[in-house]
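Have a look at the structure below before the remarks.
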Amino acid sequence: MTTTRDQRTDTRSAETPARSPRADRVERYDPVATEPRWQAKWAEVGLHHTDLHDKTRPKFYLLTMYPYPSGDLHIGHWYIVTPTDAFGRFRRMHGDNVFLPIGFDAFGLPAENAAITSGVHPREWTMRNIETMRRQFRSMGATFDWDAEVVTSEPEYYRWNQWFFLKFLEAGLAYRAMAPVDWCPKDQVVLAREQVEGPNRVCWRCGTPVIKRDLEQWFFRLTKYADELLAFDGIDWPEPIRLMQTNWIGRSEGAEIVFTVAPDDHQPGGDEVRVFTTRPDTLFGATFMVLAPEHPLVARLTAPDRKAAVDSYVYQTRRETEIERLSTEREKTGVPIGADAINPVNGERVPIWIADYVLASYGTGAIMAVPAHDERDFEFARKFGLPIRRVVAAPGTPDDAPMDDAYAAHTEGEILVNSGRFSGTSADEGGRKIVEWLASQDKARPTVTYRVRDWLISRQRPWGTPIPVIYCDRDGIVPVPEEQLPVLLPDDFVYGAKGENPLLNHPEFLNVTCPRCGEPARRETDTMDTFVDSSWYWYRYLSPHTNDAPIDKPLVERWCPVDQCTGGAEHAVMHLLYSRFFTKAMRDIGLIHEDEPFRRLFNQGQILGSDGERMSKSRGNVQDPDALVGRYGADTIRLFLMFMGPWDQGGPWSPTGIGGVFRFLNRVWTLALDPHGQEPGDPASGQLPEGEDESSARRAIRATAHRTLKVVSGDYTGFRFNTMVAHLMELANTLFRYRGTVVAGDPEWDEAIRLMLLMLAPAAPHITEELWSRRLAEAGEDWSSIHSEEWPMVDETAAAADTREVPVQVNGKLRDRVVVPAGIGEIELEQVILARDRIHAALGGREPDRVIHASGGRLVNIVVR
RNA sequence: GCCGAAGUGGCGGAAUGGCAGACGCGGCGGACUUAAAAUCCGCUGCCCGUAAGGGCGUCAGGGUUCGAGUCCCUGCUUCGGCACCA
């Protein structure tokens with residue numbers, strides 16, 4: 001770890017007692033000693049335990065996405081959790097019954113990788129990590145309700161994944177299919193489409209480029225909800241996330257059109273090739289047709305003399321990596337298969353080609369190629385000398401104008417040309433009419449296609465939820481009967497050399513009898529994607545140990561949906577999409593009534609390493625909070641992370657400035673315990689700020705405190721934690737100006753201190769609790785937690801100012817400021833302003849043209865010519 | 001290429017169309033100290049000026065407005081998402 005100079009100096013401040021003659025008078029702020037004491041006290045009195053059955057207060061379900069138990073909490077975890085905790089405490093002070101649970105996303109590959117290198121069983125590794133992280137979470141002072149904890153690798157959790165699987169199977173929401181799937185060669189596992197990232201198509205976890213494999217796998221029917229997932233009714237989610245999901249789902253409206261294969265010497269014709277297009281208006285411009293190399297009709301339609309070329313092209317395509325195949329930079333390739341199709345609108349024979357730019361997995365795996373109006377088709381036609389025929393023209397363009405580029409965009413007033421009886425109609429209307437006309441002959445129908453695929457949930461790894469299915473030679477695929485759940489993961493699987501799933505080499509697990517016929521059968525060894533675990537865990541938090549159902553319906557009814565969820569934007573199209581799917585699926589199997597899991601969502605940013613890269617052990621840029629906590633205490637770290645900048649922004653970690661926050665807490669400590677202090681270096685001697693007397697000072701103190709209360713309340717509510725801290729610092733700075741003066745310790749002062757502590761309590765829970773308890777003790781009252789106090793009310797009268805300063809501009813340039821009574825009228829104000837020397841000078845003898853009083857009298861602008 | 005977010009002092013950042021740079025870091029100066037640290041107080045966007053004061057200034061260029069960091073248009077840069085999706 002790098003140690004900067006300011007860190008070293010601060011170290012001394014924290015560890016070395018002040019060497020002043022009166023060091024004994026006021027006790028030093030010593031967070032490292034006091035914080036654990038309060039954490040223990042809170043646990044003892046059950047401060048964080050939520051009574052889920054309490055009906056006297058409004059419920060508030062606050063969820064922070066649960067972590068993967070990677071071993072150590074790093075500063076990023078603090079960044080994620082701390083503001084959420086502060087917000088929860090803030091809501092609690094408003095009288096809400098806040099439920100803030102935590103758990104662990106405990107299945108997954110890192111545990112396996114650790115197992116392979118160190119020989120420790122994934123369960124042991126995971127549980128050890130969880131133990132560490134529990135301790136670290138407690139050191140943050142987070143108000144998690146540990147009674148609600150969920151650990152997904154425990155049978156009492158994952159058996160319900162299996163239960164859901166069976167229900168989904170019954171409901172037709174789960175199915176098994178052979179498909180070309182994405183395979184990560186490093187992790188030896190298939191991935192869902194969402195888990196393949198970036199232009200290089202790499203594994204989301206390890207960054208290895210994926211390859212395609214044809215495998216029979218289990219899917220959840222996500223596409224069933226495609227349209228519903230596009231609606232974000234009644235939920236308050238950040239626009240960027242909604243956009244990402246919308247784009248991911250990729251709904252596109254168009255038409256499916258049937259091309260019939262023409263008879264020739266080699267085949268009788270009559271096969272139908274369906275294409276999907278969003279541009280039926282360009283149908284007359286279709287001069288050829290392209291099938292994906294994997295298209296099922298390819299083999300059948302290929303002419304004998306083309307067979308060698310076609311086979312070789314198909315073979316080549318399959319060998320290519322996804323990167324090569326999908327690169328847009330690459331020149332188009334393809335071969336004709338020696339058969340023609342008939343364009344249904346004009347009876348023209350168009351040649352059929354295969355080319356890898358047509359994807360088998362989208363639409364129908366075949367396209368009509370309209371080179372005049374599609375860039376890709378244009379490029380292809382150019383390269384292979386295929387005809388290009390314009391069928392849409394912008395107003396004024398001749399029908400036969402030569403084309404240098406595809407004309408794919410839409411222009412106002414464009415019309416169809418070269419399109420038989422549709423020529424002359426607008427492109428829009430023409431397209432509709434062409435589809436109608438073809439539809440009447442059963443040659444077309446309006447269709448919606450989606451980019452999103454069903455969710456591939458099979459994983460060839462042992463550390464996950466076993467998929468509860470048995471394969472029997474006689475009965476085929478047999479679901480494990482519900483009463484036989486859970487299918488337990490064995491504790492003793494061992495990793496072999498080749499990276500294959502060890503469950504395959506575990507006879508006791510593998511060999512079973514068929515639940516139907518009793519004959520020997522084979523158990524499914526694939527496990528579920530860990531995103532299945534994270535798709536419903538917040539329902540389980542409400543009753544983590546219920547053993548006759550996945551959820552406690554009445555509690556879910558009362559507590560769901562989650563009122564506020566906080567988590568990273570990196571989950572936009574994975575976790576957050578799957579979670580929405582799961583909620584809808586759970587609704588459709590009759591388990592719950594909600595349509596959406598999270599009413600409000602906030603995406604916090606990500607803390608990066610000081611090198612600007614994502615924090616990870618392999619990069620060696622992970623920041624260990626334990627050391628920082630040992631030096632400054634949890635409150636300073638909490639506050640510093642909130643103070644860094646807007647929470648949704650994140651950024652590279654830098655401890656520079658942490659000393660400033662520590663200093664602030666020390667000032668709070670001093671203000672609360674030593675209002676009169678005259679230690680060496682403290683302000684000279686009881687001098688009120690210039691121009692103030694005792695009563696104006698008292699008013700000023702109250703005004704500042706109540707104004708701060710107003711803005712700080714808004715900051716918490718709006719998740720503006722950085723300005724919340726700044727405003728509290730301002731309050732402390734103001735109070736410091738009155739420290740040691742006659743008004744220090746007065747009731748007004750005391751009220752300000754009280755408000756300051758209450759406002760700071762959610763963010764810095766330990767120091768405020770400590771100072772609060774001392775206040776109570778001093779007043780001879782029994783202890784009660786500051787975190788059970790009510791959020792204070794703003795005294796608007798106190799907050800109001802009796803004078804205000806009005807900036808004065810001349811032609812938009814600031815020339816003067818005048819201090820006037822708060823209630824002054826515009827006419828009077830103008831008189832005051834025009835009498836000012838500086839304004840006279842700025843006007844230079846000219847008469848004001850207009851005088852503008854900005855909204856609420858905040859500024860005056862004098863306009864002269 | 002398409003979609004989205006963002007560009008403000010040396011740094012992190014603040015600013016319902018109304019005083020740009022709050023708050024903090026760093027820097028400079030002062031008090032305290034034998035001294036240093038800590039603490040407290042003050043100054044700290046850039047340029048000219050001893051000063052009073054003036055000029056410039058929120059990625060660049062246009063525009064709307066009495067007034068633009070904020071709204072509109074064009075472009076540049078960075079980050080995130082998607083990427084031959086018909």
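The chains referred to below are lettered A, B, ... by the order of the sequence lines, with proteins before strands, and numbering in each begins at 1.
Near RNA chain B, meaning a heavy atom under 4.0 Å away, the residues from residues 636-646 of chain A are A/Phe643, A/Met644, A/Pro646.
Straight-line distance from the CE atom of A/Met244 to the P atom of B/rC2: 19 Å, rounded to whole Å.
Distance from the side chain of A/Leu859 is smallest to B/rG18 among B/rC25, B/rG18, B/rG13. Closest to the A/Trp248 side chain, of the nucleotides B/rC82, B/rA86, B/rC40, is B/rC82. With B/rC84, B/rA86, B/rC3 as the candidates, the nucleotide lying closest to the side chain of A/Ser252 is B/rA86. Residue A/Arg451 places its side chain closer to B/rA83 than to any other of B/rC3, B/rA83, B/rC40.
Nucleotide B/rG45 has B/rC56 as its partner under the Watson-Crick or G-U criteria, with both atom distances under 3.5 Å. Nucleotide B/rC71 forms a pair with B/rG63, judged by Watson-Crick or G-U wobble geometry with both contacts under 3.5 Å. Across all strands shown, the partner of B/rG10 is B/rC25, judged by Watson-Crick or G-U wobble contacts whose two distances both fall under 3.5 Å.
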Polar atom pairs between nucleotides 49-56 of chain B and protein, under 3.5 Å, N or O only, would you list them?
residue, atom, partner, partner atom, Å
B/rG53, OP1, A/Arg838, NH1, 3.2
B/rG55, OP2, A/Arg815, NH1, 3.4
B/rC56, OP2, A/Lys813, NZ, 3.2

Between protein and nucleotides 64-69 of chain B, what N or O pairs are separated by less than 3.5 Å?
residue, atom, partner, partner atom, Å
B/rC66, O2', A/Asn861, ND2, 3.4
B/rC66, O2, A/Asn861, ND2, 2.7

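Rounded to the nearest Å, the gap between the P atom of B/rU34 and that of B/rG49 is 43 Å. To the nearest whole angstrom, the two P atoms, one in B/rC40 and one in B/rG45, are 22 Å apart. Separation of the P atoms belonging to B/rC23 and B/rA83 is 46 Å when rounded to the nearest angstrom.
Glycosidic conformation, B/rG54: anti, with the torsion outside 90° of 0.
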